[in-house]
Amino acid sequence: MEVTAAMVKELRERTGAGMLDCKKMLVEANGDMDKAIDLLREKGLAAAAKKAGRIAAEGLVESYIHMGGKIGVLVEVNCETDFVANTDRFKALCHDVAMHIAAAKPEFLDKADVPTDNLEKEKEVLRAQALNEGKPEKIVERMVEGRIEKYYKEVCLMEQPFVKDPDKTIRDLISEATVAIGEKISIRRFVRYERGEGIEKRKDDFAAEIAANLEKIK
């Protein structure tokens, strides 16, 4: 597989490793981004990965209210020191993450947080879709796996394209911040509220209601 400049750039942004190291690992991994990241980590070349084992217990709980109180978000973003937690850059990052959650409506933090039942149900639906499209059974499973990755991008915060820059994911955003700030940064948890969500709204027959009101006026 051809290794493009865009792939090298993405790997560098996600790991903080040098351009030449990124290109070398992508070539060795035959273009597989995740495998290239693992190779960089194994060789100790990924700056963000070097910080992954540190403890990040400081940070902020950021709130974001949207559309005049219709949507509200709380998100906990952690770092290693209270000094970093109080910097404008870290606060801006927390605000961006909270705003993204309000807009993108993720259901889970990461792939590992998706319940098995949800995943199996989604696979069944995708499998049925592929068969209904007339796809041969021998390639259906591969199609399902590919579409599951798309599903992850829809429901998992860390896999979602960042609303302010869709060319990077939230995982990329956090990795870049880790490299730039020099401390381990992680999103621990979040909750999103939307006014009226889950409540069955009354369906009135407005025409009948207007007619009834007119009768009262007569």
Side-chain angles (χ1 to χ4, degrees), residues 9-16 33-34 37 46-119 122 148-201:
K9 179 176 180 291
E10 179 184 349
L11 183 58
R12 186 175 188 280
E13 289 176 348
R14 290 179 63 174
T15 64
M33 188 66 64
D34 291 333
I37 290 172
K50 290 177 183 177
K51 299 174 178 64
R54 297 183 186 175
I55 297 174
E58 298 295 335
L60 294 175
V61 174
E62 176 72 6
S63 62
Y64 181 80
I65 306 298
H66 188 58
M67 295 178 67
K70 184 178 179 181
I71 298 172
V73 169
L74 287 174
V75 59
E76 180 180 350
V77 184
N78 296 133
C79 57
E80 295 178 52
T81 65
D82 58 356
F83 172 79
V84 164
N86 287 308
T87 61
D88 290 341
R89 179 159 192 164
F90 186 79
K91 290 176 181 178
L93 172 68
C94 295
H95 179 79
D96 280 347
V97 171
M99 181 192 65
H100 171 93
I101 293 169
K105 202 175 180 179
E107 297 177 40
F108 311 102
L109 177 59
D110 214 337
K111 291 180 180 180
D113 300 310
V114 180
T116 303
D117 289 347
N118 291 49
L119 198 57
E122 186 67 19
I148 280 293
E149 289 303 314
K150 182 179 178 182
Y151 168 72
Y152 283 138
K153 291 179 183 295
E154 292 172 354
V155 301
C156 298
L157 174 62
M158 298 301 289
E159 303 301 321
Q160 289 181 328
F162 180 34
V163 292
K164 290 176 68 174
D165 184 357
D167 289 334
K168 68 177 70 171
T169 64
I170 294 297
R171 189 182 306 281
D172 296 332
L173 183 71
I174 297 302
S175 293
E176 288 175 14
T178 295
V179 173
I181 291 173
E183 286 192 6
K184 177 182 177 180
I185 296 171
S186 61
I187 302 172
R188 186 180 176 210
R189 52 187 170 176
F190 70 89
V191 62
R192 181 186 185 277
Y193 297 103
E194 186 166 342
R195 188 179 65 215
E197 190 173 36
I199 299 174
E200 186 176 349
K201 296 176 180 157

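- Defined by atom type and a distance below 3.5 Å, a donor-acceptor pair is present between the side-chain atoms of T169 and D172.
- Between F83 and T87, the shortest heavy-atom contact is O-CG2, 3.3 Å.
- Within the 4.5 Å cutoff, side-chain heavy atoms of D110 are placed close to those of R171.
- In plain terms, the two heavy atoms of A177 and L93 that are nearest each other are CB-CD2, 3.8 Å.
- Rounded to the nearest 0.5 angstrom, I174 CD1 and S186 OG are separated by 8.0 Å.
- In plain terms, the two heavy atoms of A85 and L60 that are nearest each other are O-CD1, 3.5 Å.
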- [ ] For I65 and Y193, run side-chain contact (heavy atoms from CB on, under 4.5 Å): C-alpha distance rounded to whole Å, both residues' side-chain angles, the deciding distance at 0.1 Å, then the answer.
- [x] CA-CA 10 Å; I65 306 298; Y193 297 103; over 6 Å; no

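- In this structure, the side chains of H66 and V73 stay at 4.5 Å or more apart for every pair of heavy atoms.
- Looking at heavy atoms from C-beta onward, E10 lies out of side-chain contact with K168 at the 4.5 angstrom threshold.
- Under a 4.0 Å N-O distance rule, the pair R192/E194 qualifies as a salt bridge.
- Within the 4.5 Å cutoff, no side-chain heavy atoms of I185 are placed close to those of N78.
- By the 6.0 Å contact criterion, NZ on K153 is open, its count of non-hydrogen atoms from other residues, nucleotides or ligands being 12 or less.
- From E159, atom CD reaches atom CG of L109 across 10.0 Å, with rounding to the nearest 0.5 Å.
- Shortest non-hydrogen contact noted between S63 and L74 is CB-CD2, 3.6 Å.
- One side chain, T81 or E183, offers a donor N or O that lies under 3.5 Å from an acceptor on the other.
- Looking only at side-chain heavy atoms (C-beta outward), V97 and L173 come within less than 4.5 Å of each other.
- The residues E154 and K105 are annotated as not salt-bridged, no charged nitrogen and carboxylate oxygen being separated by less than 4.0 angstrom.
- Residues Y64 and I101 fail the side-chain proximity criterion, which asks for heavy atoms closer than 4.5 Å.
- Considering every non-hydrogen atom in both I187 and I170, the closest pair reads CD1-CG2, 3.8 Å.
- For the pair V114 and Y151, the minimum side-chain heavy-atom distance is below 4.5 Å.
- In this structure, CD1 on I71 lies 9.0 Å from CD on E197, to the nearest 0.5 angstrom.
- Annotation: the span from F190 atom CZ to E62 atom CD amounts to 15.0 Å, rounded to 0.5 Å.
- In summary, E76 and R189 engage in a salt bridge, as defined by a charged side-chain N under 4.0 Å from a carboxylate O.
- Between A180 and R89, the shortest heavy-atom contact is CB-NH2, 3.3 Å.
- The backbone N or O of K184 lies less than 3.5 Å from a partner atom in the side chain of E80, making a donor-acceptor pair.
- For the pair F162/D96, a side-chain contact is recorded, criterion being any heavy-atom separation below 4.5 Å from C-beta on.
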